[in-house]
Amino acid sequence: MTLGKRTLLVIFPVILIIQLVASTTAYLTQRASLLGLEQARLEQQLSALKSAYLDYEAFNRSVLYSIMDSEALLLFLRESDTDFRNDTLGLRIQQSIRSLSNTELTFVSLAVVQPDGTPAYYFESSLSPFAAMNAAQQRIVRDARQSPTSRKTLYVEQADDEPLLMNTDFLLPASSSRPLPSQRAEAFAIQLAVRPERFLKLKRSLESEYGAPVEIATRKIPAASGLSAGVSLSRSLHARLTPAPHYTAERLQTLGLAFIAGGALICLVSIGLLLWLIRRSITGPISQLDDQLTDLLLCKRDALDEPTDGGEIGRLTVNMKTLHDRNTEALQRIREISWEDSLTQVSNRAHFGVLANAMYEQCMRKHKRLALLFLDLDNFKQVNDQHGHDAGDALLRIFAQRARGVLERHRTDYPQTETALARLSGDEFAILLLSETGDGGLQQLCDALLGLCRGGFRLEDRLYPVSVSIGTACYPEDADSITQLLTRADTAMYQAKAEGKNTAVAFSGELERRNERIRLIEDQLRELDGDDQLRLVYMPALDREGAVVSCEVLLRWHSPILGTVSPGEFIPIAERAGLFPKIDSWVIDHALAEYPKLVQLFGEGVLLAINVSSAQLNDDRICRYLVERAAHHGVAPGRIEIELTETYAAELCKNTMEVVQAIRHAGFRVAIDDFGVGYTSIQQLLEYPADTIKLDMAIITRLTRPEMQQSLSALIDFCHAQGKRVNAEGVDNMEKQSALVQAGCDLFQGYLISPPRSLAALEDWMAVRNRAQGALRLEQLTQRVEAQPF
């Protein structure tokens with residue numbers, strides 16, 4: 001195949017793909033802009049609809065208020081002569097309505113309803129002499145008379161006519177004042193209804209334009225997917241309009257056809273122009289040089305012609321023989337010096353050092369950017385232990401081969417970059433990525449390498465549980481030397497392992513500071529004097545009757561070096577460092593010692609909830625310690641509930657189940673903490689011998705929303721079906737508590753009830769609570785006494 005044909009085969013798909021991507025991107029951008037404009041226009045028109053509605057609502061309210069405050073209405077209500085009241089005074093009321101009308105109305109009505117529900121007067125702007133209140137108007141008056149809330153404007157769909165806006169209020173004729181809700185049975189009802197003609201006209205116009213109805217409801221209507229908009233006409237009335245599918249389809253079809261035609265034309269012109277330029281400047285001179293080299297190899301000529309220009313092809317011709325000689329010498333030197341790792345056939349550690357220094361010097365001279373990727377295979381030791389070193393060696397060879405393939409593809413995608421792969425030791429690899437300004441596709445390279453092991457590493461029909469953790473560092477942002485670059489990439493790699501493995505983490509100053517703080521916290525924990533630095537606080541949990549049922553003991557640490565450190569920060573560090581058993585022991589001992597004070601505050605039945613790390617469920621030492629300390633302090637095990645934390649997920653293995661069962665058999669209660677967001681699964685919920693399920697505050701926040709009420713009830717019913725009590729954490733407002741009560745939750749815990757408090761603060765809180773409950777009982781007793789007839 002000739003060079004010209006190869007050029008066509010290379011250029012055509014590239015230009016086609018580029019043009020396709022560009023046209024698709026432009027189309028998607030224009031499509032998004034078009035949909036955005038349509039969305040904004042739709043929202044603007046709904047805003048106009050809302051404005052029209054509010055005008056009528058304001059008119060309705062203002063006219064009703066004016067009529068109720070008018071002398072004509074007061075005379076009407078107090079007049080006993082029915083004929084005079086309906087003729088003369090009713091005419092004055094009609095004149096008041098017409099004088100207050102500041103907008104064109106096709107329908108307005110005023111109804112005065114006596115306390116017994118009988119219409120005393122009715123007027124509407126229709127030509128019918130027999131007009132009277134319809135059933136809907138009378139029902140609204142009855143509902144308003146019985147409603148405990150204040151008056152509001154109602155949007156009422158008529159059965160045989162167009163909708164009306166109705167506003168109902170009440171007036172005591174004797175005092176000329178608005179009655180209290182309990183006095184409405186003695187008051188006259190005044191109801192004003194108007195037809196929002198301009199609002200309805202706008203509504204019909206929108207429905208005609210968009211081919212879909214305007215949905216109006218008393219609850220907020222969630223926006224539909226795609227082009228859709230909603231608006232709150234008032235606090236209790238909402239509207240939504242979702243255009244018909246053909247509305248946007250027609251506009252998008254025209255836009256797509258325009259982009260297809262334009263893209264095809266630009267693609268053809270670009271290919272033709274590039275072919276002509278390449279043939280004139282590149283392929284033609286190269287073909288001439290190729291002919292000369294062929295003749296040279298076939299001994300038809302002794303030397304190449306002198307180049308006619310001083311460009312790259314001319315210099316290539318001049319340097320061809322020199323290149324041949326130097327290549328021969330280079331091959332000889334490569335044979336003499338081996339830079340390859342004997343197992344994986346990639347660069348070894350020594351060659352890596354040479355490559356790294358060379359690239360580093362190039363960065364300094366040409367102001368380039370050098371990235372170092374430190375790779376470590378996760379769970380590789382497990383492969384060696386379980387499947388032998390032969391399997392481990394084969395895995396390393398295949399991984400190096402696949403990683404080399406990833407680098408070759410990366411150099412194709414980023415031709416301005418240089419890469420190098422080396423095996424440093426064992427299952428550790430390093431990659432150098434040299435690029436011009438920019439990152440050289442660093443993130444894309446990391447993603448491709450992670451993809452090699454995502455879901456495990458398959459080799460010869462066997463899936464090994466091996467993944468790769470990657471740490472990256474860049475010169476000059478992160479390091480001043482190759483040694484520092486390697487160290488910081490190694491630090492980032494360990495952070496990737498800490499975040500769950502099979503991920504890539506970039507080095508940052510924050511990461512270095514976090515690692516330094518972790519080391520400092522770990523050092524302080526090793527030197528911890530619990531009696532001087534630790535203290536306990538308690539968070540009460542109430543039942544549905546408002547009684548304190550249990551108190552969860554929480555740990556607080558104030559370090560003389562670090563100050564106050566939150567449990568969320570130091571507990572995971574203590575567990576990873578194996579330091580949590582001594583902290584657990586301190587908490588258990590001191591909490592049991594303080595339990596009698598909780599009994600004094602809340603009674604004999606109060607439970608003491610103690611958090612225990614699931615990392616300690618490997619043997620029964622924790623159970624023996626609980627039994628011994630409970631006996632020492634004279635606390636019945638049944639008064640203690642052990643909450644299993646989930647910083648380390650407790651696997652459902654034989655040892656774990658035996659330890660939990662031993663805790664239960666010793667008489668202690670068991671609770672699963674943080675259910676719903678941690679590691680606890682439905683299987684654990686079914687198999688763990690737990691007495692209490694504690695719903696985490698995150699899932700409480702989601703499930704206490706009105707639309708999630710059924711899901712919340714189903715979850716609590718499921719727990720109850722397993723014989724487990726449900727305790728809700730994070731109850732910080734009345735809406736959440738109300739939703740939980742409705743769903744059947746047993747216990748409530750959160751800042752709405754009480755934040756974590758010391759024993760002294762808990763005594764003050766209980767005293768205030770008792771006084772408040774006493775005052776409430778006194779007020780209820782007073783109300784019952786006053787309600788007794790004399």
Side-chain angles (χ1 to χ4, degrees), residues 521-536 538 550-557 567-596 598 607-675 678-681 683-685 687-694:
I521 290 175
E522 184 175 336
D523 291 339
Q524 291 299 308
L525 287 172
R526 293 185 187 279
E527 302 173 1
L528 176 67
D529 184 350
D531 292 336
D532 290 338
Q533 301 177 28
L534 300 179
R535 65 182 182 91
L536 300 179
Y538 298 86
S550 70
C551 280
E552 180 182 3
V553 60
L554 301 173
L555 183 61
R556 296 294 182 264
W557 176 32
E569 184 178 14
F570 74 82
I571 288 178
I573 297 172
E575 290 185 327
R576 285 197 299 267
L579 301 173
F580 210 74
K582 75 171 186 178
I583 297 177
D584 266 349
S585 299
W586 187 92
V587 171
I588 291 170
D589 188 53
H590 286 71
L592 292 174
E594 293 178 355
Y595 177 74
L598 295 177
L607 293 178
L608 176 64
I610 304 176
N611 290 284
V612 173
S613 171
S614 297
Q616 295 201 65
L617 299 181
N618 296 322
D619 54 54
D620 62 349
R621 283 180 294 180
I622 184 65
C623 181
R624 294 198 303 268
Y625 184 80
L626 285 168
V627 172
E628 188 272 330
R629 288 289 88 191
H632 175 78
H633 293 286
V635 181
R639 298 294 93 205
I640 303 171
E641 189 168 74
I642 304 303
E643 295 185 3
L644 303 181
T645 63
E646 293 192 342
T647 306
Y648 274 56
E651 298 180 357
L652 286 174
C653 61
K654 181 179 179 181
N655 289 341
T656 298
M657 292 300 298
E658 288 177 354
V659 173
V660 177
Q661 290 283 8
I663 292 174
R664 285 289 304 280
H665 291 160
F668 300 94
R669 298 174 59 87
V670 174
I672 297 179
D673 199 7
D674 302 330
F675 179 78
Y679 299 93
T680 304
S681 64
Q683 179 187 0
Q684 288 174 310
L685 181 60
E687 297 186 19
Y688 260 171
D691 302 281
T692 302
I693 301 298
K694 298 194 71 174

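Here, residue 1 is the first one in the sequence, and each next residue gets the next number. This is a predicted model, so every value here is computed, not measured.
- Between the side chains of E641 and T692, at least one donor N or O sits under 3.5 Å from an acceptor N or O.
- A heavy-atom distance below 4.5 Å is not found between the side chains of I640 and I588.
- Here the side chains of W557 and I583 are not in contact, with every heavy-atom distance at 4.5 Å or above.
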TODO: Output, in order, the C-alpha distance, side-chain angles, deciding distance and verdict of side chain to side chain contact (heavy atoms under 4.5 Å, CB included) for L525 and D523.
DONE: CA-CA 5 Å; L525 287 172; D523 291 339; over 6 Å; no

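- No side-chain heavy atom of I672 sits under 4.5 Å from any side-chain heavy atom of K694.
- With rounding to the nearest 0.5 angstrom, the CD atom of E628 is 11.0 Å from the CZ atom of R624.
- For the pair E594/L536, a side-chain contact is recorded, criterion being any heavy-atom separation below 4.5 Å from C-beta on.
- Considering only heavy atoms from C-beta on, N611 comes within 4.5 Å of E552 through its side chain.
- Taking 4.5 Å as the limit, some side-chain heavy atom of L555 sits within range of a side-chain heavy atom of W586.
- Atom-to-atom distance recorded for D691:CG and L607:CG is 9.5 Å, nearest 0.5 angstrom.
- At least one side-chain heavy atom of I571 sits under 4.5 Å from a side-chain heavy atom of F580.
- At distances below 3.5 Å, not a single donor-acceptor pair connects side-chain atoms of R664 with backbone N or O atoms of V670.
- Put simply, OH on Y538 and CG on L554 are 10.0 Å apart, with the number rounded to the nearest 0.5 Å.
- Note: R639 CZ to S550 OG = 10.5 Å, rounded to the nearest 0.5 Å.
- When all heavy atoms of E643 and A609 are compared, the pair lying nearest together is OE2-CB, 3.3 Å.
- Scanning all heavy atoms of the two residues, the minimum distance from A666 to C623 falls at CB-SG, 4.4 Å.
- Nearest heavy atoms, L608 versus A591: CD2-O, 3.6 Å.
- Residues passing the ring-ring contact (aromatic ring centres under 6.0 Å, His included) test with F668, sequence neighbours excluded: none.
- Within the model, atoms CD1 of I642 and CG of D673 stand 12.0 Å from one another, a figure rounded to the nearest 0.5 Å.
- Counting only heavy atoms from C-beta outward, the side chains of L534 and H590 never approach each other to under 4.5 Å.
- With sequence neighbours excluded, the residues forming a salt bridge (charged side-chain N to carboxylate O under 4.0 Å, His left out) with D589 are R629, listed by chain and number.
- Interatomic distance, CG of L644 versus CD1 of I610, reported as 12.0 Å (0.5 Å rounding).
- With hydrogens and angles ignored, the 3.5 Å screen pairs a side-chain donor or acceptor of Y625 with a backbone N or O of S585.
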